[in-house]
Amino acid sequence: MSPSTPRPGAHGTLITVAPTGAELSKSAVPALPVTPEELVRTARDCERVGAAMIHIHVRDEHARPTLDLGLLTEAVAAVREHTRLVVQLSTGGAVTDPEADRLRVLDALPDSASCTMGTVNFGDDVFLNRWGFVVELHKRMQERGIVPEYEVFDLGQLTALRRLLDEHGLPAGGHVHLDLVMGVPGGMPGDLETLAAALRLVPEGATFSATGVGRSSLPVLLSALAAGGHVRVGMEDTTSYARGEKVKDNAQLVARAAGLARIAQRPPIGPDEARVLLGVAV
Ligand code: KMH
Ligand code: ZN
């Protein structure tokens with residue numbers, strides 16, 4: 001497909017939900033889905049109101065973040081059994097997770113997996129993504145037919161993405177999709193000007209979504225829709241719905257994104273269209 005031909009599904013909006021993440025504690029945020037049952041319920045609720053893909057981090061029986069392969073495999077199977085959502089596993093994990101565990105995530109054989117394009121300060125921590133590690137993730141996903149979503153926390157990581165594609169070829173599925181993760185303390189800010197600057201560096205023919213962390217959630221959502229992009233929302237990224245109002249659940253955030261996408265005349269696409277858009281095998 002030539003870069004000038006719109007991809008199937010490109011006239012609508014792909015909404016990804018990131019329901020849990022690895023940073024928040026269940027005790028601080030009781031609405032956070034952490035058990036397999038809560039994950040499946042969230043996935044179903046979010047699919048019903050417009051999500052087409054789910055970005056999953058799992059928790060252990062103490063609600064602590066884990067990259068346990070058994071739990072990841074069960075989560076993939078459970079979400080597939082109860083929804084049509086494109087299932088994406090996080091290979092980012094928590095900032096403390098070793099590289100070997102993060103690579104092993106791919107053995108759970110999700111449809112898609114995240115692949116962060118470089119190291120970034122992450123609040124008081126460092127989210128480490130060495131070049132050699134990024135290349136290894138990219139190659140293993142190529143071998144296993146897993147479609148990456150390249151996570152971009154700062155503008156230089158878009159240059160790294162171009163280098164990755166030049167040196168190691170297109171990902172599984174043949175299409176490049178990336179997510180601009182904006183507003184992380186230490187990464188690029190979540191505002192219109194930075195989104196516009198990032199768009200100049202997005203590889204030709206690629207699709208993008210954007211995620212605004214914390215207070216940047218709404219400005220990034222609105223800017224991404226206006227720019228013809230896709231969006232990621234969820235409690236991994238924000239727990240505040242409005243000034244002084246906590247998020248009730250993930251579906252509330254998806255429903256708001258879906259409503260805005262409709263207003264923008266780019267209604268949410270379903271999971272089947274998302275598969276075509278991303279190059280995920282049907
Ligand atoms: N939890 C962050 C350190 C990803 O999922 O790939 C990394 C993260 C990115 O959430
Ligand atoms: Zn994540």
Side-chain angles (χ1 to χ4, degrees), residues 15-26 28-29 32-34 39 42-43 46 51 53-60 63-68 71-72 75-76 79 85-99 101-106 108 110-130 133-134 136-138 140-141 146-154 157 160-161 164 171 177-188 190 208-214 216-217 220 231-239 250 253 278:
I15 300 179
T16 300
V17 62
T20 309
E23 282 71 38
L24 296 171
S25 71
K26 178 79 171 171
V29 186
L32 199 69
V34 295
L39 175 65
T42 296
C46 290
M53 178 151 76
I54 186 165
H55 168 88
I56 298 176
H57 293 250
V58 299
R59 301 290 177 104
D60 65 15
R64 288 184 302 232
T66 177
L67 294 182
D68 179 89
L71 293 177
L72 287 165
V76 170
V79 174
L85 294 173
V86 178
V87 178
Q88 179 183 95
L89 288 182
S90 165
T91 66
V95 288
T96 45
D97 284 320
E99 290 181 351
D101 292 4
R102 293 172 59 191
L103 288 167
R104 200 177 314 112
V105 168
L106 302 178
D111 303 311
S112 170
S114 57
C115 177
T116 294
M117 286 313 306
T119 296
V120 63
N121 282 329
F122 198 85
D124 295 342
D125 297 307
V126 177
F127 181 29
L128 185 67
N129 295 282
R130 293 182 307 111
F133 174 69
V134 174
E136 193 57 32
L137 264 179
H138 175 78
R140 291 195 191 192
M141 283 194 236
I146 297 169
V147 171
E149 176 179 87
Y150 299 103
E151 308 294 336
V152 172
F153 286 74
D154 218 337
Q157 294 181 9
L161 175 56
L164 184 75
H177 179 72
L178 59 95
D179 183 39
L180 302 168
V181 186
M182 311 181 78
V184 167
M188 64 182 146
F208 77 95
S209 74
T211 305
V213 171
S216 69
S217 175
V220 168
V231 297
R232 179 178 111 176
V233 294
M235 295 176 75
E236 171 167 347
D237 305 313
T238 183
T239 54
N250 281 285
L253 293 168
L278 299 168

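All ligand and atom numbering here is 1-based and tracks the order in the structure.
No side-chain heavy atom of Y150 sits less than 4.5 Å from a side-chain heavy atom of Q157. Between H55 and M53, every side-chain heavy-atom pair lies at or beyond the 4.5 Å cut-off. I146 has its side chain within reach of P110: a pair of non-hydrogen atoms, C-beta onward, lies under 4.5 Å apart. Under the 4.5 Å side-chain criterion, counting only non-hydrogen atoms from C-beta, L39 is in contact with I54.
Contact shell of ligand 1 (protein heavy atoms, cutoff 4.0 Å): E23, H55, H57, S90, G92, G93, V95, S114, T116, F122, F127, E236.
Here the Zn ion (ligand 2) has protein N, O or S atoms under 2.8 Å from it, and they come to 3.
Scanning for side-chain hydrogen bond (donor to acceptor under 3.5 Å, both in side chains) contacts around S209 gives D179, with sequence neighbours left out. The salt bridge (charged side-chain N to carboxylate O under 4.0 Å, His left out) check on D68 picks up nothing, with sequence neighbours excluded.
Between the N250 side chain and the G234 main chain, no donor and acceptor come within less than 3.5 Å of each other. Under a 3.5 Å cut-off, the side chain of S112 and the backbone N or O of V147 do form a donor-acceptor pair.
What you find for T42 and P33 is that their closest heavy atoms are OG1-CB, 3.4 Å.
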